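Data block below; observations after.
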Amino acid sequence: MTPHLPASELQAVILDFNGVIGVQPTAKAWDRLAQLAGWPADRTHQFMRAFWARRSGYDAGVITNAQFWSSGLVLRTDRAFADLLPDLIATDVAMWTTVDPAVINLLRSAHRAGTRLVLLSNAPHTLADALDLAEWSCSLMSRTVYSARIGVNKPAVKAYEAALAAAEYPAPGRTLFVDDRTENCAAAARLGMRALHYTGNFADLARYLPQLPPAPAVARSVSSASSAAA
C-alpha cells in the first residue's frame with residue numbers, strides 16, 4: 001500500500017474488476033460450470049486447475065472461445081460441442097459479473113466528486129462485452145480497458161500504458177491503481193503509480209477515494225400557524 005494521496009492531487013483512479021468491484025464466484029457457481037463441462041460433482045477443484053491453466057491465453061485474446069472450451073483439459077463431456085458452447089460461455093460470464101454494492105456506492109460518490117475512473121481488467125472478449133453493458137460501467141467509468149482487446153494481461157507494462165492513455169495521460173504519481181493481486185500492484189508502482197493492494201477491506205478503499213462531503217442539514221422552519229394558535 002502506498003501513502004495516501006490528497007483528493008485535490010488525484011487525477012485518475014484505475015481499478016481492477018474481479019476482487020475489487022466484482023466479487024469472487026461462489027463454490028456453487030464453480031460446481032455449476034464444472035458439471036456443465038462434464039466434470040463429476042466431486043472434481044470441481046481439478047476442473048478449476050484445468051480452467052486456470054488455459055485462462056491466461058483466453059483472457060489475452062490469444063485463443064478463441066471455441067479453442068478455450070474445446071480443450072481436453074477443460075471439457076469432459078460427450079455432449080455436442082456446438083450446442084454446449086453458448087451455455088458454457090453464458091455460465092462463465094454470469095459467474096464473474098456480480099458486483100460488491102458497497103464498492104459501487106463508494107465509486108458513485110467518487111464519481112460525483114469529479115474523479116476520473118478507468119477499468120483495467122484481465123478479461124476475455126465475452127466478459128468484456130458484458131461488463132461494458134453493465135449500468136455501473138456505463139455510468140461510472142470514463143473508459144474501460146480489457147486484456148483481450150489489447151492482447152496482453154496485467155502485469156505487462158502495455159496494459160498499464162493502455163489504461164493511462166484511457167485516463168487521458170494523468171501523471172503516474174497522481175494516479176491511484178487498485179487491484180487485488182500483489183504482482184499487479186507492484187507492476188503499477190514500478191511505473192510510478194500509487195498502488196493500493198485491495199484485500200476486501202472497504203475502509204482502505206474509502207480512505208483513498210475522494211468523496212463528496214455530506215449534504216448540509218436543512219433547518220426546519222417553525223410553522224406560523226402553530227404560533228398563531230398558541
Side-chain angles (χ1 to χ4, degrees), residues 1-2 4-23 55-62 93 96-100 103-198 204-206 208-212:
M1 187 182 299
T2 55
H4 178 75
L5 185 70
S8 60
E9 297 181 22
L10 189 65
Q11 294 181 337
V13 178
I14 299 172
L15 300 118
D16 176 36
F17 175 69
N18 187 49
V20 179
I21 299 173
V23 300
R55 193 69 176 193
S56 179
Y58 189 39
D59 282 348
V62 175
V93 168
W96 296 110
T97 49
T98 301
V99 298
D100 184 337
V103 173
I104 293 294
N105 287 337
L106 188 61
L107 295 180
R108 290 196 193 284
S109 182
H111 182 264
R112 289 195 300 271
T115 306
R116 184 180 302 149
L117 305 174
V118 170
L119 186 68
L120 175 61
S121 176
N122 287 352
H125 288 290
T126 50
L127 180 56
D129 293 344
L131 294 179
D132 273 350
L133 292 175
E135 183 280 330
W136 61 266
S137 180
C138 296
S139 63
L140 299 178
M141 298 296 148
S142 299
R143 294 278 301 278
T144 56
V145 180
Y146 301 102
S147 55
R149 296 179 183 172
I150 60 174
V152 296
N153 297 324
K154 292 176 291 183
V157 170
K158 180 181 174 181
Y160 301 94
E161 292 174 342
L164 287 168
E168 300 181 9
Y169 298 101
R174 298 177 68 180
T175 302
L176 175 64
F177 174 77
V178 185
D179 200 290
D180 68 324
R181 291 183 174 271
T182 55
E183 64 269 26
N184 294 341
C185 290
R190 285 194 294 270
L191 292 174
M193 286 186 270
R194 294 176 179 264
L196 170 62
H197 178 214
Y198 184 68
D204 283 345
L205 188 58
Y208 275 71
L209 290 180
Q211 301 290 295
L212 286 176

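Everything numeric in this text was worked out from a predicted model, so none of it was measured. Sequence positions, counted from 1, serve as the residue numbers for this chain.
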Separation between CG of L120 and CG of D179, rounded to the nearest 0.5 Å: 7.5 Å

Check whether any side-chain N or O of S137 sits under 3.5 Å from a backbone N or O of L131 as a donor-acceptor pair, and report yes or no. yes

Heavy-atom side-chain contact between L209 and L176 under 4.5 Å: yes

Does the side-chain contact (heavy atoms from CB on, under 4.5 Å) test come out yes or no for R149 and T144, once each step is laid out? CA-CA 10 Å; R149 296 179 183 172; T144 56; 4.2 Å; yes

Search all heavy atoms of H197 against all heavy atoms of C185 and return the closest pair with its distance. CA-SG, 3.6 Å

Between the main-chain N or O of D204 and the side-chain N or O of Y198, is there a donor-acceptor pair closer than 3.5 Å? no

Within-4.5 Å side-chain heavy-atom neighbours: L15 and V103: no

For the atom pair CD1 (I14) and CG (L196), what is the distance rounded to the nearest 0.5 Å? 13.5 Å

Short question: side chain of Q11, backbone of A171 - any donor-acceptor pair under 3.5 Å? yes

Between K154 and D59, is there a salt bridge with N-O shorter than 4.0 Å? no

With rounding to the nearest 0.5 Å, note down the distance linking CG in L107 to CE in M141. 5.5 Å

Are any side-chain N or O atoms of R143 and backbone N or O atoms of V118, one a donor and one an acceptor, separated by less than 3.5 Å? no

Considering all heavy atoms, the nearest L140-H111 contact: O-CD2, 3.3 Å

Here the gap from D129 atom CG to Y146 atom OH, rounded to the nearest 0.5 Å, amounts to 8.5 Å

Atom of Y160, atom of N184 and distance for their closest heavy-atom approach: OH-O, 2.8 Å

Between R194 (side chain) and T175 (backbone), is there a donor-acceptor pair under 3.5 Å? no

Less than 4.5 Å apart, any side-chain heavy atom of L133 and any of C138? no

Please report the shortest heavy-atom distance between L191 and P172, naming the atom on each side. O-CB, 3.5 Å

Show, in sequence, the C-alpha distance, side-chain angles and deciding distance for T126 and Y58, and conclude whether the side-chain contact (heavy atoms from CB on, under 4.5 Å) test is met. CA-CA 10 Å; T126 50; Y58 189 39; 3.5 Å; yes

One should read off an interatomic distance between L127 CG and N122 CG, to the nearest 0.5 angstrom, of 10.5 Å

Would you please classify the geometry between the W136 ring and the F17 ring as parallel, tilted or perpendicular, with 30° and 60° separating the classes? parallel

Provide the closest heavy-atom pair for A130 versus T97 in the form atom of the first, atom of the second, distance. CB-CG2, 4.4 Å

Could you tell me whether the side chain of S121 and the main chain of D16 form a donor-acceptor pair under 3.5 Å? no

Could you give the distance from CD1 (I21) to CG (L117), rounded to the nearest 0.5 Å? 8.0 Å

R181 atom CZ, over 12 foreign heavy atoms within 6.0 Å: no

Which atoms form the tightest heavy-atom contact between D180 and V20, and what is the distance? N-CG2, 3.9 Å

